[in-house]
Structures are given as structure tokens and as C-alpha cells.
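All values reported here derive from a predicted model rather than from experimental measurement.
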Amino acid sequence: MKSKGLVRSLVIAFALVCIYQLSFTLVSSRVESKARKFAGGDPVKEKAYLDSISDQKVYNLLVKSFTYQQVKEQQLNLGLDLQGGMNVVMEVSVSDVVRALSNYSKDASFNKAIEMAVERQRSSQLDFVTLFEQAYNEVDPNGKLAAIFATRENQGKIDYNSSNAQVIEMVRQESEGAIDRSFNILRTRIDKFGVTSPNIQRQQGTGRIIIELPGVDKPERVRRLLQGTAKLEFWETYESGEVIERIFEINKMLADKEKLEKAGTAKETLTKADTAAKSEVSADNDLMQKLAAADTASAAAGDSGQLSDAQARLENPLFSLLMPAIFQGEDGQTRAMKGPVVGTASAKDTAKVNKIMAMDEARALLPRNLKLLWTVKGRGDGNKFFDLVAIKTRSNDERAPLEGDVITDARETIDNFGQVEVSMTMNAEGAKIWRRLTADNISRSIAIVLDDYVYSYPNVNQEISGGMSSISGGFSTEEAKDLANILKAGKLPAPARIVEEAIVGPSLGAEAINAGLISVIGGLLLVLVFMVAYYAKAGIVANVALFANIFFIFGVLASLQAVLTLPGIAGIVLTIGMAVDANVLIFERIREEMERGKSMRQAISDGFKNSLSSIIDANVTTLLTGIILYSFGTGPIRGFATTLIVGILTSLFCALFITRLLIEWYMNKDKEVNFGTKWSMGVFSNLNIDFLSKRKMWYGISGAVIVAGMISMFTQGFNLGVDFKGGRSYVVSFEEGKRATDLRSALSGAFGSSPEVKTFGSDTKFKITTSYKINEEGDEVDALVEQKLYEGLSTIMTNKVDFETFKAERILSSQKVGPTIADDIKASAIMSIIFSLVVISIYILIRFRKANYAIGAAVALLHDVLFVLSIFTLTWKFMPFSMEIDQAFIAAILTIVGYSINDTVVVFDRLREYLNLHHGKDSKEVINNAVNSTFSRTIITALTTILVVFVLFLFGGEVIKGFTFALLIGLFVGTYSSIFIASAIVLDTAKWFESKKSVKG
């Protein structure tokens, strides 16, 4: 082996990187275990503990230390299906954007085209703007769009002379901008929501935004947060000095109130509460408390420097949370700071401050036209401190003096001093109000507020006329762009609605983790035992490489900050089975070389060299299917694809390098390496099966199954999942066993039609699917469906619970998919399968340079897909588990395609080798010899993979039962087609091409 030192260094470096990346997960687990022990099972207390240490150093690597928050950001995260949470796909209403761009035109042709485009979007893959353009051309072929869109707000972009193509381009750009601005607003809302490790990404080419919120247990709150209308406002403000005394009065009022309550056992209770609070307060917050106590000494009883922490909290209950905006002048007097900020608090204390300020006693002490809002942007160490801004309202009107609908444009610019600022333009009405507002507030601040968070509170230096203004505030270019986007969000209303939703409860997530662990351990043990039993010492080497492979998979996933999902665990289990494939190819080739009389060392060298081509081809084709699956998939399916891709690459690395290093280490130590036991060495030796003579029989068997399946597809069809047909599904649990027919009957009255009900593992869990009100939108519709579900099921509950308990404890998971996105998912699934077949066929054609190889591969793959589809359509009605055709099933189909082509390529590679060695021999004999020579590898790889997938099928949980069943069928069929179908097609197509040539000749 050349460059052995370099390879060894590469392996060591790779291992060290993986150890480093995985160390964050281990540290995070240790800290969270400590938090659980401290909380004693109280989730609120556990979260408070973790919040209190978020900025504390918990991991020291000598050269660098990391806080708990930094550790969390770099750990290997669990997907929603493993820890519970909410996955949402939101769609920005581009039709509303287009209406707004036209200034809500009343033109009949325009509105008719909008209606047609909305209707067509339900079943079309084209974007809304394209559909609108097509519809408008149909409604009014001679119509001029500039007459509709050339409004005052669109000046500088188009005019009355612009062509329809130019107008459509402007509409497209503005629509894309509106979607981007909606994305930014949603991201800001989610950041403020306080979810650990949220994920938000835009689905390019669509108006959709994918949001994942781990650990969320209140879906109604999330729906309100995400679907609420963005509200941009300009408010006058109070100066801090005008209200700071009232803030001090609230602090004193709270102190007096607590002193009155401090009697008897209350004192003991307070002491305990203060001790617990002290443990939760970070070092920075301790500093805040001391500063607040010192600054407010004149207002509080006694010298705060002499007080204990409990006493300080008792004397300053508000200022222990909120550091007032005051300072000590040169004369020693305490004064209010200039500006509208009245105080600063840590992020974890803002809710407590809000609760205090909402008290009736506190409201009575504050001006009636005052409301307090937090800044959206944190500052200080870790950006965890937020300012509380005093907003001045009009006593008779809760509306802001100026709202976002007056903004016509906003963009980031550079001022004369080279500083980044945001320039904005208003319409005529806005300019008039802005002029008056600035004139009335010279030397004061005006707060710019979005969704009740203050983004900026610039100081007004002079009256501003003309509707042009700029906002400065020490922005970076990125911050200025964000603020410009936020300001423009008020101009183009782009409401977003939830078109797909999936909720997984924590109990179902815990079950998934247990099922995944059992599957991984069980599958791993089976493979380890088999490899040692079949390959002896070489099997031990392969097992060491397998452990290294699993370690590398987790290390790479952690470095990519990937999310581990249940399908991802399935991908790891599948990788365990497939990881031995490269080793099997190498070991079988070494055994062949030894049978030819070569020495052990020479056989090993030639075995690695001669198997390299097959290994590369087999892994590249499987890798291509993984990439296609990643490109077309979303959510957990993308997690499966990620794991599969990483597993293929690490398996290749381990087989080619780690296995080789270990075997050569054995050889250099003069130790014998056995590549089989007595029984295994003779199992597949001297095979001479005539596979091709009965090929017409195999064609007939496959054809019969596929034809029966095709008939069934058109008669009874498939059991389509919610993601393909649209609707809502719920996994509901009962304390006692039930019958599906009873649930169906109970729900028929509530929903007005019979829903689909299937057992979900045991007779205490059921999956209920309904299309009730799926075409209607809004939070109230989701609540109504859940209420109907409760009403129907409550009639058969033995131990009845109230509605809130039912939602929290009995609904384990739920999913909603709108009809529009269901059509898109279906189209994407079909495209992914077709695309994978085409890409692999092209690769085979390029790699083997003969059309009959490409045709053989394509026919075999198509055969495998149709065979699995046939089994599903023929059996789904009487199988005891769900056999839905959903995104997970498509992932299984593509995995089957990858596995099958892996097998086929190995046969083709040996066939090409034999044809080059045996010129002039009968093609049928050469192909038979090639299939016989690779038969052992085909069977062993199939056996190991089927073993681990069977374990996954038995113990992987009900969620992926249909997925693993599809894999099992596909593995059998893929192995069968590689042996009996693909090579037969190569022979028959070669004969057909030769006959065509002879006819032409």
C-alpha cells in the first residue's frame, strides 16, 4: 500500500476531528443530566436552571472555553420525531402581494385573472406570477398591465409605457422581495419565541418557508405567532426622566407589599425562594443587581451594599430584575439617562418584568398613555440584555400616529460620514404626518416598532419634510438591510398561512428513541456475529472498520450540525448492513486470487486493486440516489438522505483505508489472516448455475406480479398518506383497548363523513385521517377540527377527560397538509423517481460505454419500483400495519433503487472484465460465469442488509413500519433482479443490437 504514512495520518486526523465535534454533544448531555437531577422532574425548574447557565463556561479545551449556549449550538441535535415539537410549512400569499402592487385595482380583467391563477395554483407546479400572466393573457389578450400597476408607489420601476413583460418582471421581483421580507419577520418572531435550536429555511422557487420548532408543546400559540399580521408602527416616546420616578415607585410598592406578606411561614418560604433564585442568576445578572441596588440606595431602605442577596431582592423586587436607566452625576446625585429607555433586563427576566408592569397596582402608578416595549436586539455580553422603551400613546386612540402602510420604499445607504443608515420614502399622506411628528419631537426619540418590538428609536434633530428620511443607529450593512426589509414589510402586505403542519408529542418522541436504539444495537450485533462466523479473522477486521464507520458517521453529522431523525437512524441501520458490502467485495476477490494459487500478500494486494472499480461504481450509483433524495425531500426524509450520503462516504473510506491498514498490520506482525472458515470457504465455490436459460420464466413471474399490480392500481389504488392527498391525521391514545370500527363510527357523526382509522402498533393507539374542512384556513378551523375529534372520541372513552387534557395527553402527534402542497409533494415524488432512473442510466452508459448495459440497468430498476408498488397496492387493505404511500415510502423506493443498482453494477463490472478476457466465447456462457462469480458477494450483502432491516422492521416502531416493509420487499426484489433480470436484459438487448447490425450489413 503506497503512502501508508499519509493514509495513517489522514485516519488519525479524521478521528480527532470527529472526537472534537462529538465532544460538544457529550458535554451538553452531561450538563442537561445535571439539570434534570437538580429539577427533580420539574420541567419548568429544569429550563430555568439551563437558562441561568446559558452564558457560563461549561467546556474548557485549554486553548478555548465554551459556554453552554455555544455547546448547544454545536451539538448533534435530535429531530422533532425524536424529541417532540412542531414542523410547519408556511406559504406567503403571493396573490395578496400582486393585489397590493396594483393598489387593489378594481379592474375586472385583473381580478378575474387573479381568481383563475389562485384556482390553477392548487394543481399546478408553476409559480403564481406565471399563472397570473397566463390567466391575464387569456382574459384580456390586448390588455395593458402598465395601466394597472403604474401607480405612484411603483414609480421608478415601471411607467405607463412599460410592456407587459416588464411589468411581470417587476411583479416577480417585488413578490420575491415580499417573500424574503416575510422570511425575515418570521425568523425574528421565532428568535423571540425562545425555542432551543429552531430551524427556518426558505424553499427556493416557491413562496414557502419551512420552520422546525423542537420541544414546542403549545401549537395554538405557535400558529398565532406565525400567522399574525406584521404590524409596523412609529410612536412618540417619553424621556426616561419623565417616568423613571414612577418606576421607582413601583419598586417601592412591591417592596412594601412583600414586607406586609412577610409574616410567619411566609418568611421561611421567601428565604427558600430567594435561595433558589440565587442559584439561577448568572454572573452578569449578579452584577446588574448590585449596580441597581447601589444606584437606588436613596430610594430603598438602608445601604444595599450591606444587604444579603435575599434582603436586596426583598428591598428591590423590581430592580433585581430590571436595572434602571440611571447614573450618578459628578455631584453624586442619581439622574435618569437621556432617551426613552427606562431600564435593561436579561432575556430570561423580561417576562417577569412584563408580569409586574401588568399588575393593576403598577398600572395605577404609570401614566395612562404609557406602554412599555422591549427592544428586538439584545446587547452586552452574548446580546442577552434588552432595553425597555417608554412609548407615548394618545389617550383616546391606541393606534400609532404613523403606521407602516405609508412606507413606499426603504434601502440601506451610506451617509456623508461613511456610516451605514437606512433611507426610507413615504407616500404623500405619510410625508405629511411624518413632518408634523418630527416637528413635535425635536430633540426627542421616535420609536420604530414591528410586532410590538422596538427596532430603533432614533433621535429627531430637525423637522423632516418631503417624506424622505433616514435612520441611523450604528448599523452594520447586514443590520441596515434587515431594517430596510422590516420597513418595507409594511408596504407589501404578504400574509402567510400554514399549508403543512406536523406535531410530535414528547412521549411519542421518547418511544422513537428507544425503538431506534434497539434497532441499531440489534442490527449491529447480527452483522458482527455473521461477519466473524463467515470471514473469521478478516471478519474481525471488518467489524473494527464497521465500528469506526459508525463513529465517523456521527462525527460528520455533528460537524455538519445535522439533525438526527428517526428516518436518519433508519439510514444508519441500513448503512450498517451496506457498510460490509465493500469489505465483502474485497474479501471475496482476495479469496478468488488465493484460489488461483497466489501468495497471501499478493492475493491481498490484487484483491484490493481488482475490486476497486466495482466498489467505486457501486457506491457512486447509490450516492447519486442519496443526492437526489436530499434534493427532492424535506424534513425527516432529508435527514435520512443526509445520513445515507454520509454513511456511503464513510463506508468507502473505512473499507479502502482502515481495513487495508489493519490487514497489513496483521501481515507485518507475521500473523495469519484468515478470510473464511472451513464451512464458509466451500459454500459458494465452483458454482455453475445456468441463470440465463430460464430467463423467460423469470420474465413471466415478474410480469405476472407487475400486471396484477397495475390492475390493482387502477381498481383499488393505494393507501395515500396525508402528504399526498391532503388532510389532517392524528395519532390518539387510550388508556384501554379499542376497536377501529368503534372509533370510525363515533367520528362519522362529528366529521359528517367516515374518517380513515387504523391501529398504530397496539389497540390503545390509533391513527385517524380526515379531510374535514381541509380547504378552509385559519386558527379557528384547526381548533374546530380538534374539538370535533374530541367530541366524537369522548363518546367511547371509558375514563373521560376534558378538552385541554385530551389535546395535551391523548393526541400524541398530528399532521396537516393542504391540497396545494399535497399536489406539489406528489409531483416532486414522481419527479425524484424518474430523475433517479434517468441519472443512473446515463451514468451506467458513460461508465460501461454500451447501451445494452444502460438498458439492462434501467429495466431492472423500473422492474424493482413497479414490483414494490404492486406488492403495496395488492396487500395494503389486509396488512396489520399502515402501508401508506407517503414521503417516507418514496425515500424507501429511492433507497431500493440505490441498493439494486449497487448489486447490478457489481455484476456488470465482472461481466465487462470477463468479456474483455474471453473474446469470442459465447456471450451467454460469459454472462453466466460473471453472475456465478459474484453470486457469493450478492447473497452475503443481501443477507446482512436484510438482517438489519428486518430488525428495524420488528423493533423500529410503528412510525416507520411501512417504510421498513417497503425496504424489505425492495431488498429481496433488488437482489432477485440483479441476478435474474438485469444480466438477462443485457444478453437479449445485445442480441437484438447484433441482429439489427446484421440486417443493415
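- One finds the CZ atom of Phe385 at 9.0 Å from the CG atom of Asp349 (value rounded to the nearest 0.5 Å).
- Trp434 is listed as a side-chain neighbour of Ile464, based on a closest heavy-atom distance under 4.5 Å.
- Residues passing the ring pair (Phe, Tyr, Trp, His ring centres under 6.0 Å) test with Phe149 are Phe110, sequence neighbours excluded.
- Closest approach of Glu258 to Pro317, counting heavy atoms only: OE2-CB, 3.5 Å.
- In Glu429, the CD atom is not crowded: 12 or fewer heavy atoms of neighbouring residues, nucleotides or ligands sit closer than 6.0 Å.
- Take Thr67 and apply the side-chain contact (heavy atoms from CB on, under 4.5 Å) test, not counting sequence neighbours, and it matches Lys57, Gln69, Gln70.
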Considering only distance and modelled atom types, tabulate donor-acceptor pairs under 3.5 Å from the side chains of residues 239-248, sequence neighbours left out.
{"residue": "Glu239", "atom": "OE1", "partner": "Gly339", "partner atom": "N", "Å": "3.0"}
{"residue": "Ser240", "atom": "OG", "partner": "Val341", "partner atom": "O", "Å": "3.2"}
{"residue": "Glu242", "atom": "OE1", "partner": "Glu239", "partner atom": "N", "Å": "3.1"}
{"residue": "Glu242", "atom": "OE1", "partner": "Arg444", "partner atom": "NH2", "Å": "3.1"}
{"residue": "Glu242", "atom": "OE2", "partner": "Arg444", "partner atom": "NH1", "Å": "3.2"}
{"residue": "Arg246", "atom": "NH1", "partner": "Leu365", "partner atom": "O", "Å": "3.1"}

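- A donor-acceptor contact under 3.5 angstrom links the side chains of Asn354 and Trp374, judged on distance only.
- Here the two rings, on Tyr457 and Trp235, have centers that are 6.0 Å apart or farther.
- Residue Arg435 places its CZ atom among 12 or fewer non-hydrogen atoms of other residues, nucleotides or ligands, all under 6.0 Å distant.
- Residues Val449 and Leu373 come closest through the heavy atom pair CG1-CD1, 3.8 Å.
- Side-chain contact between Met426 and Thr408: absent, with no pair of heavy atoms (C-beta onward) separated by less than 4.5 Å.
- Distance check, rounded to the nearest 0.5 Å: CE of Met253 to CD1 of Ile356 gives 8.5 Å.
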